[in-house]
Amino acid sequence: MAEVELSRQGAVLTITLNRPDKLNAFNRALHKGLAGALKEARDAEVRAVVITGAGRGFCAGQDLTEFNEMPDVGTGLRETYHPNILAIRALEKPVLAAVNGVCAGAGLSLAVACDIRIASDAASFVPGFVGIGLVPDSGGTYFVHRLLGASRAFEWMSSNRKLTAVEAHAWGLCSEVVGADAFLARVAEYAAQLAAGPTKAIGMTKRLFDHADHATLEEQLELEAQLQAVAGRSEDFAEGVAAFGEKRPPQFNGR
Ligand code: LHQ
């Protein structure tokens with residue numbers, strides 16, 4: 001059994017974490033599989049990426065029964081979790097976390113490192129770390145803080161409160177909650193819509209928002225100008241303007 005399964009639907013690459021008996025908790029094999037999958041996601045033919053979990057979980061974070069795989073926690077994080085979180089941010093295309101079930105600990109960190117989250121109504125969001133006496137890692141403090149604001153982020157991450165998908169939606173942690181029966185179809189529809197977009201412009205929008213987190217206004221304006229110059233030379237921009245003039249929907253090719 002592969003710990004990570006890959007499938008392609010047109011320009012959508014779906015990455016399924018596949019250790020369902022452990023709620024897709026991370027062990028070395030899962031990290032390795034995810035790293036390989038994120039490498040494949042760099043293929044120019046892939047214009048949207050979905051990350052989801054097999055079975056009833058999205059990802060329960062570190063496998064606590066295989067903790068001894070990681071003799072030194074700091075080194076373990078740097079070698080396994082960090083490259084995958086950074087790879088998601090470095091992908092210049094949208095990454096959709098399809099949160100099918102519970103996410104906890106570094107599984108929550110993975111979900112919040114993605115660009116968009118949609119949740120099944122069977123999903124829940126659990127800090128996890130504080131429950132076992134740890135600090136949030138794998139970007140958990142970075143992304144949860146940005147999504148929720150400092151006050152709510154701290155209160156939640158220090159409480160281990162399990163949020164339902166509906167609560168997560170009300171907090172802005174996910175953008176949509178879908179009934180479990182309709183979830184797969186909605187994920188496919190959403191991912192296909194993302195994949196049909198002007199991928200280059202969407203990828204650069206992602207870069208710009210990440211840059212805005214640590215930039216001055218002057219630096220941000222400058223990067224916008226640079227990347228707009230790139231977008232302005234893209235085939236998709238030419239197509240967008242032509243389609244507008246011809247009063248028809250644009251057919252973007254991602255270039
Ligand atoms: C699990 C796990 C799990 C193994 C459920 N491991 N088996 C990074 C690097 C270095 C150091 C440490 O930390 C990190 C990052 C982290 O991620 S730390 C945080 C680790 N994660 C957690 O502490 C979450 C632990 N799990 C839970 O709190 C619950 O299982 C949740 C809230 C996720 C789900 O609760 P339930 O829906 O009630 O399911 P369950 O607890 O019954 O779990 C189902 C099975 O999955 C069960 O196995 P069993 O054989 O009894 O059916 C669990 O033992 C197993 N499982 N999480 N992380």
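All ligand and atom numbering here is 1-based and tracks the order in the structure. The chain is numbered in sequence order, starting from 1.
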Which of the atoms of ligand 1 are close to [X], meaning less than 4.0 Å from one of its heavy atoms?
X	result
V73	10 (C), 11 (C)
L77	8 (C), 9 (C)
Y81	8 (C), 9 (C)
G61	17 (O)

Would you say [atom] has a protein heavy atom nearer than 4.0 Å?
atom	answer
atom 36 (P) of ligand 1	yes
atom 12 (C) of ligand 1	yes
atom 54 (O) of ligand 1	no
atom 41 (O) of ligand 1	no
atom 58 (N) of ligand 1	yes
atom 26 (N) of ligand 1	no
atom 51 (O) of ligand 1	no

Heavy atom of the protein closest to [atom] (residue, atom name, distance):
atom	answer
atom 4 (C) of ligand 1	D63 OD1, 3.3 Å
atom 8 (C) of ligand 1	D137 OD2, 3.3 Å
atom 7 (N) of ligand 1	K22 CD, 3.9 Å
atom 23 (O) of ligand 1	L64 CD1, 3.6 Å
atom 3 (C) of ligand 1	Q62 O, 3.6 Å
atom 18 (S) of ligand 1	F129 CD2, 3.7 Å
atom 44 (C) of ligand 1	R56 NH2, 3.5 Å
atom 29 (C) of ligand 1	L23 CD1, 4.9 Å

Between [X] and [Y], do the side chains contain an N or O donor and an N or O acceptor separated by less than 3.5 Å?
X	Y	value
E176	Y190	no
T65	D63	yes
H211	Q220	yes
S7	E5	no

Taking the six-membered ring of W156, is NZ or CZ of R161 closer than 6.0 Å to its centre and within 45° of its axis?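 Not flagged: R161 not positioned over aromatic ring of W156.
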Any cation-pi pair here, R146 with Y142, using under 6.0 Å and within 45°? yes
More than 12 non-hydrogen atoms from neighbouring residues, nucleotides or ligands closer than 6.0 Å to [atom1] on [X], yes or no?
X	atom1	value
Q251	CD	no
Q226	CD	yes
Q193	CD	yes

Of the choices A60, G105, G55, G128, which has the non-hydrogen atom that lies closest to atom 21 (N) of ligand 1?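 The residue whose heavy atom sits nearest atom 21 (N) of ligand 1 is A60.
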Can you name the nearest heavy-atom pair linking A165 to F125, along with the distance?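 For A165 and F125, the tightest heavy-atom pair comes out as CA-CE1, 4.2 Å.
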Distance check, rounded to the nearest 0.5 Å: F26 atom CZ versus E3 atom CD?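 Result: 12.0 Å between the selected atoms.
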Any heavy atom of D21 sitting closer than 4.0 Å to ligand 1?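 The answer is yes: ligand 1 sits under 4.0 Å from a heavy atom of D21.
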Whether F26 lies under 4.0 Å from ligand 1, heavy atom: no
Does R8 pair with D43 as a salt bridge, N-O distance under 4.0 Å? yes
Any Lys/Arg nitrogen of R255 or E239 sitting under 4.0 Å from an Asp/Glu carboxylate oxygen of the other? no
I want to know if ligand 1 touches L134 in the polar sense, i.e. an N/O pair below 3.5 angstrom.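 Checking ligand 1 against L134, no N or O pair falls under 3.5 Å apart.
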For H145, which residues count as a ring-ring contact (aromatic ring centres under 6.0 Å, His included) partner, sequence neighbours excluded?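 Residues passing ring-ring contact (aromatic ring centres under 6.0 Å, His included) with H145: none at all.
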